[in-house]
Amino acid sequence: MSESETGLPGPTAWRDVPCGLVGEQHAGRRIRVAGWVHRRRDLGGVVFLHLRDRTGLLQLAFSPDWTPAPVMDALAGLNPEDVLAVEGSVELRPEQAVNPEMSTGGVELRVRGFERLSESAALPILVAVPPEEELPSEELRLRHRVLDLRRPEMQRNLRIRHLAANAARQALSDDGFLEIETPFLTRRTPEGARDYLVPSRIHAGEFYALPQSPQLYKQMLMVAGFDRYFQIARCLRDEDLRADRQPEFTQIDVEMAFVNEDDVFAAAERMLSRILREAAGIELELPLPRMTHREALDQYGTDKPDLRIPWVLEDFTEALSGLGFGIADGAREAGGRVRGFRVPGGSYVSRSRLDAANEAARAHGARGALWLKRSADGWAGPPARFLEGAAGDRIAGSHSIESGDLVLLVAGPDTETAPALDALRRQFGKEAGAVGEGFRWTWVTDFPLFERDVESGQPVASHHPFTMPDESDPEALVADPFSVGSRAYDLVLNGTELCSGSIRCHVPELQTAILRVLGMSETEIESRFGFLLESFRYGVPPHGGFAMGFDRLVAMLVGTNSIREVIAFPKTTAARGLLEGAPSPVAADELAELGLGLR
Ligand code: ASP
C-alpha cells in the first residue's frame, strides 16, 4: 500500500474536493474548494494563487475574462494564510503550463467567486518558505508551531507517524495482542530516571508519579491472563537535558506470556516489517541478525554498533607484543589488549587529524590512540620501528594490511579502550565515506544483569530490575552480582538503540534478590514493589516483552536526525514548551491547596 492509497479526506459542507485531489477527472466541472492562501503570482491581468490544504496545492486562476469584477477587487485585499472557500470551474491547463511537480499540475480552477472565512494577520514566520530559503530558527518554529506544522514537510512527517502507528496497531492486533491502557497517575516506576511527581490535593503530602514506562502494569497484565498486551504509550522521565531527548516520548510497549526470546523477536519483527512497508515502502529482510553483548563489545566496542560501517575491531596484541614496543607489552602484562581497526586506503589521513584522534580517545577514557600506516616504503607511526622485517610481514599478513592502509589502535583494558574505539570507528567511518546506505539492524542479546555505577561503583541494573537472570540461585546472585548474565536484549538500528526488552524475572525469590543487590531493604522492596511481588504469588506465567522508541523510529523513517521533527508539539532541548509556555509558575494559594509551599 502506498501513501496515496491510504485514507485521505473527502468532501464536506465547505468543499466538494480537497485541494490536492482535484485532477483531470474534474475537468469542466464547477466545484468548491477550501484552504489557505499559499503563494500568489500577478501576471498583469491574470492572477494565480495557490490554495493549500493537507492534501496539497491547487492553482486558482483569476482573470477578468471569467472572474466577476467585484471578486477581482476582493482578491487585492487577500493576505497569505487567509482561509478561503472558493468556487470555480476546473479546466485543463494548456500543455506548456502543465506543472509535473504538482499533484494537481494538469489543471487549474477558474475562480467565479470566493468567501474569506478567516483573515490572517501578518505572519511571524513564513509557511510558504521558498525552496532556496532556510527555515527560521528552531526557537521561532517551536514558538509558532501552528504555522510551522502547516508546512508540507511537517504535514508529511506527521502523516508518516500516523501510518507507522496504524501499521503497528494492525500488525499487533493481527497477532492477537490487545491494546490496554495503563494509568498515568501511578507509583514510582523503575526505569532508572527521575520521576515527574504530581501532588495529590486530596491526600496532601502524598504524590503520584507519572509513568517512566508501563513496565509493572504490563507484567501484571500477563499475570492477569491477557497473554498479549500492547500500548502506544507515552512515557515521562525527568532526565537531564540532552540534545535529542524529550521529557515525554512515545514507545510501542509490548508484553507476551509463555514466551522465550525467539517468540518476542518474531513478534517485534513482524510488527516492524509492517511499519516499514506501510509507512515507508521498505521491505525488511527477516529474520533480523543477532549478536551477543560480548560479541558487540568485542567487534565494535559498543552495544550499539553502527553496522553501516563495515570495519570490525581486531586484536593486535599478539602481532605487536614481544617486539620491544613498550605500549603493547605493557598492555598485555596488565591484562589488557591492543585493539584497533583498519581504514582501507586511509594513509592519506593527516598528522593533525591523527593527533586529534589521540585527543578524542583520551576524551573517551582511554590513554590515547596510536596509528600505523603502510606504504610501498614500509611502515609509519609509533610502532613502525618495531615492524621492520619479518614482524612487519607477519602483522600485514595476519591483519590483511595493504599498502595505503591506516590502522588505528588503542591499548589498555577493554573497558577503557572500547568507548574510544567505538568513537574513532564512527568518526573515521563518516570521514572516510565508509558509512553504507540504508537500514542496518541487529539484535544484541545476553546483556550482563548489572553494571557498575560510574561514580559509586555499586551495581545498577543494565536493563531494569525485572529482567530474568541466568543464575537461578538467589544467594549466588547476591554473592557475586557482576558475574550474572541476563535475558535482556536491544534492537539496534544504524548505531542507535531503537528498542529494548527482556524475558522477565517471574520467580519472586530471584526478583527479591535482584532488588537487594540494588541496595533495597526488605521494607523498601515491600513498599515499592510489594504489589508486583504479591501478584506473582498467585500463579505467574513466564513472560517477556519490549518497548520500541516510536519517535526515533519515525524520525529514521522520514530521514531526520531530530525527533522534534516528528512530534507535533515537542519541548525544546531545555524542556520548555515555547508555544504554550510550559512549565509555568503557580500561585501561592494554589500551592497551599496542594499542601505545598515554595522554598
Ligand atoms: N520498560 C522498558 C523500557 O521502557 C522496556 C521493556 O523492558 O519492555 O525501556
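Counting starts at 1 for both ligands and their atoms, following the listed order. None of these values were measured; they are calculated from a predicted model.
- Counting heavy atoms from C-beta outward, Tyr217 and Ile180 have side chains that stay 4.5 Å or more apart.
- In this structure, Asp263 does not pair ionically with Arg228, as no charged nitrogen and carboxylate oxygen lie closer than 4.0 Å.
- Here Ser500 has heavy atoms under 4.0 Å from ligand 1 in both its backbone and its side chain.
- Residue contact check: Phe546 has heavy atoms under 4.0 Å from atoms 8 (O) of ligand 1.
- Interface atoms of ligand 1 facing Gly501, defined by a heavy-atom separation under 4.0 Å, are 6 (C), 7 (O).
- In this structure the side chain of Arg294 never reaches within 4.5 angstrom of the side chain of Asp446, judged on heavy atoms.
- Between Arg425 and Asp422, none of the side-chain N atoms (NZ, or NE/NH1/NH2) sits under 4.0 Å from a carboxylate O, so this pair counts as no salt bridge.
- Here atom 6 (C) of ligand 1 lies nearest to Gln215 when heavy atoms of Gln215, Gln251, Glu255 are compared.
- If you check which protein heavy atom lies closest to atom 3 (C) of ligand 1, you get Glu191 OE1, 3.5 Å.
- For Ser213, every heavy-atom contact with ligand 1 shorter than 4.0 Å involves the side chain, none the backbone.
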Please report, to 0.1 Å, the donor-acceptor pairs under 3.5 Å made by any side chain of residues 280-289, with sequence neighbours excluded.
unit_1, atom_1, unit_2, atom_2, d
Glu283, OE1, Arg277, NE, 3.4
Glu283, OE2, Arg277, NE, 3.0

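- Using a 4.5 Å heavy-atom threshold, the side chains of Met256 and Asp175 count as separate.
- Residue-ligand proximity, Lys218 to ligand 1, at heavy-atom distances under 4.0 Å covers atoms 6 (C), 8 (O).
- Heavy atoms of Gln219 found under 4.0 angstrom from ligand 1: none, in either backbone or side chain.
- Contact check for Phe258 versus Pro542: side-chain heavy atoms found under the 4.5 Å cut-off.
- Of the polar atoms of Arg504, at least one N or O is found under 3.5 Å from an N or O of ligand 1, judged by distance alone.
- Here Glu497 has no heavy atoms under 4.0 Å from ligand 1, in either its backbone or its side chain.
- Only side-chain heavy atoms of His464 come within less than 4.0 Å of ligand 1; its backbone N, CA, C and O stay farther off.
- Among protein heavy atoms, the minimum distance from atom 4 (O) of ligand 1 is reached at Arg237 NH2, 3.0 Å.
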Show every donor-acceptor pair shorter than 3.5 Å between a side-chain atom in residues 162-170 and any protein atom, with sequence neighbours excluded, or say none if there are none.
unit_1, atom_1, unit_2, atom_2, d
Arg169, NE, Glu179, OE1, 2.8
Arg169, NE, Glu179, OE2, 3.2
Arg169, NH2, Glu179, OE2, 2.8

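- The pair Lys304-Asp490 fails the salt-bridge criterion, with no side-chain N (NZ, NE, NH1 or NH2) lying under 4.0 Å from an Asp/Glu carboxylate O.
- Atoms of ligand 1 lying under 4.0 Å from any heavy atom of Ala547, numbered from 1 in the order shown and given with element: 5 (C), 8 (O).
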